[in-house]
Q: 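Have a look at the structure that comes next, please.
Not measured: the values here are computed from a predicted model. Letters A, B, ... are given to chains in the order of the sequence lines, protein chains preceding strands, and every chain is numbered from 1.
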Amino acid sequence: MEYFEIFIAGVFINNILLAQFLGNCPFLGTSKKMETAVGMAMAVIFVLVMAGMITWIVDTYLLKALDVEYLRTVSFILVIASLVQFVEMFLKKSIPGLYAGLGIFLPLITTNCAVMGACLLNISNEYSFLGALVSSFSYAVGFGLALILFAGVRERINLARVPKPLQDTSIALVTAGVIALTFMSFKGMV
Amino acid sequence: MIKRSFFTLTKPRLSYDLVEPDPKESEPIPIPSNLTLLLNEPIDNTRQALIKKGDAVEKGEKLRLYNQSTEYTISPVAGTISAIDTYSDDFGSTSTYLVIKSNQGQTTQTNSITYDLKDDIASADEYFRTLPGAPPLKILASDDVKINTIVITCSDMDLLSTTNQYITLKFLDEIKEGAKVLKKITHVPKLCIMVPESLNVQGKFDSIQVFKTSMEYPSNLPAMILKDHLSMILPAGKAPEDMGVSFISAEAVVSLANAYKTKSAGFEKILTVIGKQGTQYRIKATIGTPLRKIFNAFNIHINEQDRIVIGGPMKGFATYTPHHPVQPDMDTVMIQDRDIIPELSDNPCVNCGNCIRICPANVPVNILVRYLEADQYEEAADKYDLESCIECGLCAYTCTARIPLYQYIRLGKHELFKLRALETAND
Amino acid sequence: MTNNKLTVSHAPFWHDGDSLFQMNLNIMIATLPAVIFGIIQFGAPAFGVLALSLSSAMVWELIMNVISKKKISIGDLDSAVIGLIFGMMLPATSPWWLVVTGTFVAVIIGKMIFGGIGANPFNPALVGMAFLMLSWKVFFDFDAAYVNYEFDFTALAPLAALKFQGAYEVAGVFPMSDLIMGKQVGAIGSTFGLGLIIGGIYLILRGYIRWEIPVSFIVGIIVTALAFSMANPDTYAGPVIHLFSGYTLIGAFFLATENSSSPVNRIPMLIYGFSAAVMIILMRNIGAYADGTVLAILLLNVVNPLIDIIRPKALGKGVNNA
Amino acid sequence: MAQSLAKEFTKGLWAEIPPFRLVLGLCPVLAVTKTVENGLGMGIATTFVLVFSNLLVSLLRNVIPSKVRIACYIVIIATFVTIVELVMQAYTYPLFLKLGIFIPLIVVNCIVLGRAEAFASKNSPVMSVADGMGIGIGFTLSLAALGAVREILGAGTITIWGGNSVFDMATSFPGFNPFTFMVEAPGAFVALGLMLAIMNLIGEK
Amino acid sequence: MREMMSMIIVLTVLTAVSGGLLASVKSGTEDRIEQQIFKFQLAPAMNDIFGKVSNDPAKEKFEIEHEGIKYKFFPAKLEDGSKAVAFQTKGKGGYGGDVGLMVGIDLDSDQIVAARVTTHSETPGLGARAKDDPEFVSQFEEKTMDANLALKGQGGSIDAMSGATITSQAVTLAAIQAQDLYKKLKPEILKQIK
Ligand SMILES: Cc1cc2nc3c(=O)[nH]c(=O)nc-3n(C[C@H](O)[C@H](O)[C@H](O)COP(=O)(O)O)c2cc1C
Ligand SMILES: Cc1cc2nc3c(=O)[nH]c(=O)nc-3n(C[C@H](O)[C@H](O)[C@H](O)COP(=O)(O)O)c2cc1C
Ligand SMILES: Cc1cc2nc3c(=O)[nH]c(=O)nc-3n(C[C@H](O)[C@H](O)[C@H](O)COP(=O)(O)O)c2cc1C
Ligand SMILES: Cc1cc2nc3c(=O)[nH]c(=O)nc-3n(C[C@H](O)[C@H](O)[C@H](O)CO)c2cc1C
Ligand code: SF4
Ligand code: SF4
Ligand code: SF4
Ligand code: SF4
Ligand code: FES
């Protein structure tokens, strides 16, 4: 039940994009078309869960054990960057089909606040390993959900007669604002 | 214009008109001094034309522009060619029109040229493509498509039009005769005839399967006939001919029967003319007669901003001139007073969903129209079923935003066709 | 008759005569029972709020038309409907600046910047509402709004009372007949349940709203509220109070049905209406809000493009028996 | 030289001002601009990291092998980010609390890495510092401007430093009711979107 | 191979330098950070709860682990000589997330001395009143460990703040958790205080 709550909270209530403001660049950058949004969502779920686990282990058994928690930022970003590199290489060699789908999104993830942010949040929330795993997954799913919903709305907006100065990023931001507003629906539920 | 009824819980229903039970004879229009014929081939100034202004022509003479031309027309009168010029139709493609000045006085007496006919489809295609009713001989004769079913349509495709129903009531024997001719020259294994269910047809068709079609629009459109009566789903983007089915109008069958009997072509086209008040006239006019002559005969006044619609209210097209000639496939002409012309708009779709509820082909018109407006034709076809549309026009009829949806769709298909042609050319 | 200028337009040459003006006029007619009742119940201030709301919405659209040098589009009455429905959701005591700011947000941010009529991915009136409720929550406290009024019924906003005191305490305080007949405190156009239902049925019969959305919406409210109250009747109220108070009915007939932000296919419409209702009850029972209709419908507006993908296969798609 | 130096500096202030022209680094922009103070704080912290990482990357540009350059940049950036983090914790703790997780997240801010990769790795240290300063100040100004719009509409105040407002609508316009939406999360998106539209409108002319 | 070597060397040197630099900055700021955390996060609440104390709670703080979570306890000697302890719990389900509550409990009478909201992300003017306006949390004062600290709507004894039921609920949850924790850990707390 506790993990279920963590999951629901991570997807809806503390949605990493719409409530915590993490990962906005890929949110705006990959939501113009549904296909890219789905690809990015998948890539983030994949990397974020792995990053969440590895950084938790690094933090608990390395940083905390050695009492060098001030190296967290440095070590986490290195973990994420090398993880992404590694995943990219691995996929390219072993699962080229998946690589073709996710490949272009992987490099974007290194500099995606959502991944780094979720890893840091896991630590500051003092989750257990399982808790960190569930919460990483839920943040990733929440990211994917928000991205896909946004892409659905955006595909329609792209076909509408939006006034020139508002086209593209500007109207996308306003739309994202209203979507963030609607996610306030879930407030207080868990 | 049919108004929305007050209660509109269910989708609106539009019914085909039924011809009066014992229709009176059609009104003949005298042959005018000048007749205009259309040729579906553009003028090419680099080539030596076979015909030119001033040439004399015989009644029934086959006229072609060039030696290699596959398109031809048949002169309905003896006379001289007084003009050959370019004619632009919808979507900007060009063809040619000829004006033939008939030899005054002797027109009616002259007999048509008789042809040296064989009992095969090639021979029929040689002379009879432009018979009244425009039989699809070109397709039937083509080696590329294999037709195994021919459907004779005793009903008109569009609302208000009753030309073919009239012909069915008046010339049933000729239809039977023509069906035999068809069978003889085409050897198709299956011949069907579709008759509106409310039309009181006496007599039996032996060895011909009869479909009774619903009176509800658009059940007479080819895709609907295939679906309802032949259990075939027309794949998106395909024509009935691709599935081995060809449609031929009752009038064309009658013309074929007569043509085979006399070994010469006929030129008398029967039309339903709908006046401004909705009055129906049934007339018989020589192919090539300018519509103006018909209007004059019935005292129909065409004022500025009125509309002349060739074909019915749903699928027809408006012509820009009352000089437009009667053509072999022209079953209906409708004149609309400028006051009842419904206003169209450039509003965007408001997603009211009327089109979705009424579309017989389940096309997501509301989304499709957005892609068409944005000129994304490939996307429109791949994801939003542009090619599934059977062109009934119902969506535009009910559109709350009054978007000319049907026109968007036709244009979209045209553009898509061009795009695809370009792509295959590049490959 | 030679050089006639004929009208050359495209098929079809008939139209059923419907138009945006007709549609919007009918929506306004359908709101009349609830609106007139609201004016009678809450007096001149209610009329003032509605009039200001309707007119300011149209003025905002006009201003935007002029600034962007586009055709004047207020003639289709779309902004009038937005203004009217927006006004119906306000308490009669709303200050003028609240109304005008709200219609600005609704018309300009909710609709015009997306490209005007039909382009809005969210219900504009609800966008306006949500912005206001988030900013000036105090003005939407119906208990405080009507302190100077004398009513012949319990002057407590039913849903707020439910949230604050629990179902056990409010049991019997709000009889169903009172709620339906508008004997409750609430927004100008949202209290008279019967009037809203009559207006809604009128729109359904006239074909201006698709029955699937209100029906599934109401079913969703009843089913979910019932499930909660059966699980714990002391904490969670039954369906009656949920259905006939707050913005539920105006939501079912006038808000969730807004065309451009709702689905058009049958199954999606059913999912849409039902889910919006489930969200509303969740928000009321376990979420942070006393009502929740506004945000719940906006949330479903966001999901709309995704669920509206479910549609019957088009004729001849995916067949290759050629 | 001086001219191009000035150019590198000023381009960040208008022509390439992030996040309006360069739609990057949006997360801190959206998350911390509830007040002018937060915006300024975040901007200054980012500028510090930008300038020093640009400097170091530029100094080491001939030493770093190209294959591991991204890893090296990340180490350099992360080091400066951690320094900022520690210093802020020690000296401006309340501000640090408000900016929260977004201080460590400077490390993944695209602008910082983007500048290291696109500019500092190819230019002299002086130029790189100018570039870092320009972009950093531009970013700070944007954050402060967005913060100002949101704070004045949403809270009716302007807070520059230390949590005390230097301007309060409530005293100047007693009837003023703040439009709280603007300081709420969704307001950030809408405010940035509309400001972007206004920038586009000005840019068009 | 040379390239490989240079890559490894550069990276190692860089990380080593970075680590060293950070270690020195860290040790330079460590004490100050500790002070700041106490000063800004806990001291105001502690002051409000206990008033003047005759010891230094920050210095004497100790940790007890319970069900995997470490709680920090701050012992206090009050003006009147009685001993008390303050600690922080979190209430789930506020409007903007968890709400932190610091509760001071008198070790002799087992009554709540006072409670204050520490961390939250509630709406200013609504939920945030739980922190800014002590009226709501003052309801906890002098409550015993057996008192029902739930909201009245849920059968307890606490009035919710108007317009912020959900925040009120989160705060009461934190208080109930504090009761629980205290009851379970009292022996250990006494042991640590001596
Ligand atoms: C599409 C089309 C448009 C025509 N428009 C005209 C026209 O505007 N005026 C005209 O005199 N002839 C026009 N013609 C040619 C007429 O049909 C024909 O030459 C003309 O009416 C001569 O006939 P009349 O002398 O008996 O009137 C057109 C032909 C076609 C095919
Ligand atoms: C579109 C168009 C097409 C025309 N085509 C012809 C034509 O084919 N033959 C012709 O004699 N005159 C043609 N004209 C010129 C008119 O026919 C000329 O005004 C006509 O001779 C007037 O006499 P009408 O009223 O016979 O009946 C055309 C004019 C227009 C605008
Ligand atoms: C913008 C906004 C902010 C809110 N902030 C809070 C909050 O901080 N704490 C809270 O308990 N409820 C908050 N709510 C929810 C409502 O104030 C309240 O819970 C709900 O309307 C029930 O009202 P009641 O508690 O008076 O019965 C907020 C609602 C809105 C629209
Ligand atoms: C039943 C119905 C309800 C409507 N409700 C709203 C509404 O709540 N808010 C709004 O902005 N427009 C509303 N409209 C206006 C209408 O949707 C608008 O004219 C077009 O759909 C363009 O969005 C409504 C329309 C209909 C048919
Ligand atoms: S890294 Fe990707 S997501 Fe981040 S700013 Fe650059 S392009 Fe955008
Ligand atoms: S014309 Fe319209 S209604 Fe008819 S099939 Fe095509 S899309 Fe459907
Ligand atoms: S009928 Fe017209 S306005 Fe309505 S959904 Fe279809 S295209 Fe859109
Ligand atoms: S890390 Fe950079 S690119 Fe990625 S989201 Fe943050 S600011 Fe944008
Ligand atoms: S700043 Fe871009 S994803 Fe966070």
Side-chain angles (χ1 to χ4, degrees), chain B residues 1-4 6-9 12 223 227 232-236 238 242-243 292 302 304-309 313-322 334 336 338 341-342 344 347-353 356 360-364 366 385 388 390 393 396-398 400-402 404 406-407, chain C residues 1-24 71 73 76 78 115-120 202 204-212 258-266 269 304-305 308-309 311-322:
Chain B
M1 174 159 79
I2 294 181
K3 283 282 179 201
R4 196 172 199 267
F6 186 80
F7 292 116
T8 323
L9 186 55
K227 179 167 149 250
M232 285 181 188
I233 299 293
L234 188 61
K238 297 273 188 221
D242 299 327
M243 304 184 67
R292 173 166 76 81
I302 312 283
E304 273 198 19
Q305 273 151 41
D306 286 355
R307 189 156 61 178
I308 300 174
V309 177
M314 302 305 282
K315 291 173 60 64
F317 68 95
T319 177
Y320 59 87
T321 166
M334 178 172 120
Q336 277 188 324
R338 63 166 175 223
I341 293 178
L344 293 177
N347 282 325
C349 163
V350 298
N351 219 38
C352 68
I356 302 296
N362 290 335
V363 175
N366 62 331
D385 306 330
S388 291
I390 62 167
Y397 171 77
T398 56
T400 309
R402 302 214 173 186
Y406 179 54
Q407 175 62 11
Chain C
M1 138 165 158
T2 355
N3 281 318
N4 265 328
K5 287 250 165 40
L6 295 171
T7 303
V8 185
S9 52
H10 302 289
F13 303 101
W14 275 356
H15 192 278
D16 69 3
D18 205 0
S19 67
L20 295 173
F21 176 84
Q22 284 288 330
M23 175 179 81
N24 288 320
K71 190 182 81 189
S73 60
D76 59 29
D78 189 45
I117 188 167
N120 51 299
Y202 171 80
I204 291 178
L205 290 178
R206 292 288 271 125
Y208 288 113
I209 62 180
R210 315 183 269 273
W211 63 265
E212 289 90 341
E258 197 272 341
N259 288 326
S260 55
S261 57
S262 64
V264 294
N265 292 294
R266 175 157 298 163
M269 284 193 280
N304 163 39
D308 214 12
I309 290 171
R311 57 183 170 88
K313 200 162 74 186
L315 188 73
K317 265 277 160 150
V319 273
N320 30 17
N321 53 351

Q: Give the member of Arg338(B), Lys315(B), Arg307(B) that has the highest number of heavy-atom pairs under 4.5 Å with chain C.
A: Arg307(B)
Q: Would you give the length of the straight line joining atom CG of Asn347(B) to atom CG of Leu20(C), rounded to the nearest 0.5 angstrom?
A: 5.0 Å
Q: What closest approach, in Å, do Gly393(B) and Pro12(C) show between heavy atoms, and which atom pair accounts for it?
A: O-CG, 3.5 Å
Q: What are the two closest non-hydrogen atoms of Val350(B) and Ile117(C), and how far apart are they?
A: CG1-CG1, 3.5 Å
Q: Taking all non-hydrogen atoms of both residues, which atom of Arg210(C) and which atom of Gly353(B) are closest, and how far apart?
A: NH1-N, 4.0 Å
Q: For Lys227(B), does the NZ atom have more than 12 heavy-atom neighbours from other residues, nucleotides or ligands under 6.0 Å away?
A: no
Q: Can you tell which part of Asp385(B) gets under 4.5 Å to a heavy atom of chain C, answering side chain, backbone, both or neither?
A: both
Q: Shorter than 4.5 Å, heavy atoms on both sides: which option in Pro348(B), Pro360(B), Gly316(B), Ala223(B) has the most such pairs with chain C?
A: Gly316(B)
Q: What are the two closest non-hydrogen atoms of Arg402(B) and Asp18(C), and how far apart are they?
A: NE-O, 2.8 Å
Q: With a 4.5 angstrom heavy-atom cut-off, could you sort out which part of Ser73(C) is near chain B: side chain, backbone, both or neither?
A: neither
Q: Working to the nearest 0.5 angstrom, can you tell me the gap between Lys317(C) NZ and Asn362(B) CG?
A: 12.5 Å
Q: Is Phe21(C) close to chain B through its backbone or its side chain, or both, or neither, when contacts mean heavy atoms under 4.5 Å?
A: neither
Q: Around Arg311(C), counting heavy atoms of other residues, nucleotides and ligands shown, do more than 12 lie under 6.0 Å from its CZ?
A: yes
Q: What is the distance from atom CD1 of Ile356(B) to atom CG of Asp308(C), rounded to the nearest 0.5 Å?
A: 8.0 Å
Q: State the OG1-NE2 distance between Thr400(B) and His15(C), to the nearest 0.5 angstrom.
A: 7.0 Å
Q: Counting only heavy atoms closer than 4.5 Å, note whether Cys349(B) contacts chain C via side chain, backbone, both or neither.
A: backbone
Q: For the residue pair Tyr397(B) and Trp14(C), what are the closest heavy atoms and their distance?
A: CD1-O, 3.5 Å
Q: How far apart are the closest heavy atoms of Asn351(B) and Ser260(C), and which atoms are they?
A: CB-CA, 3.5 Å
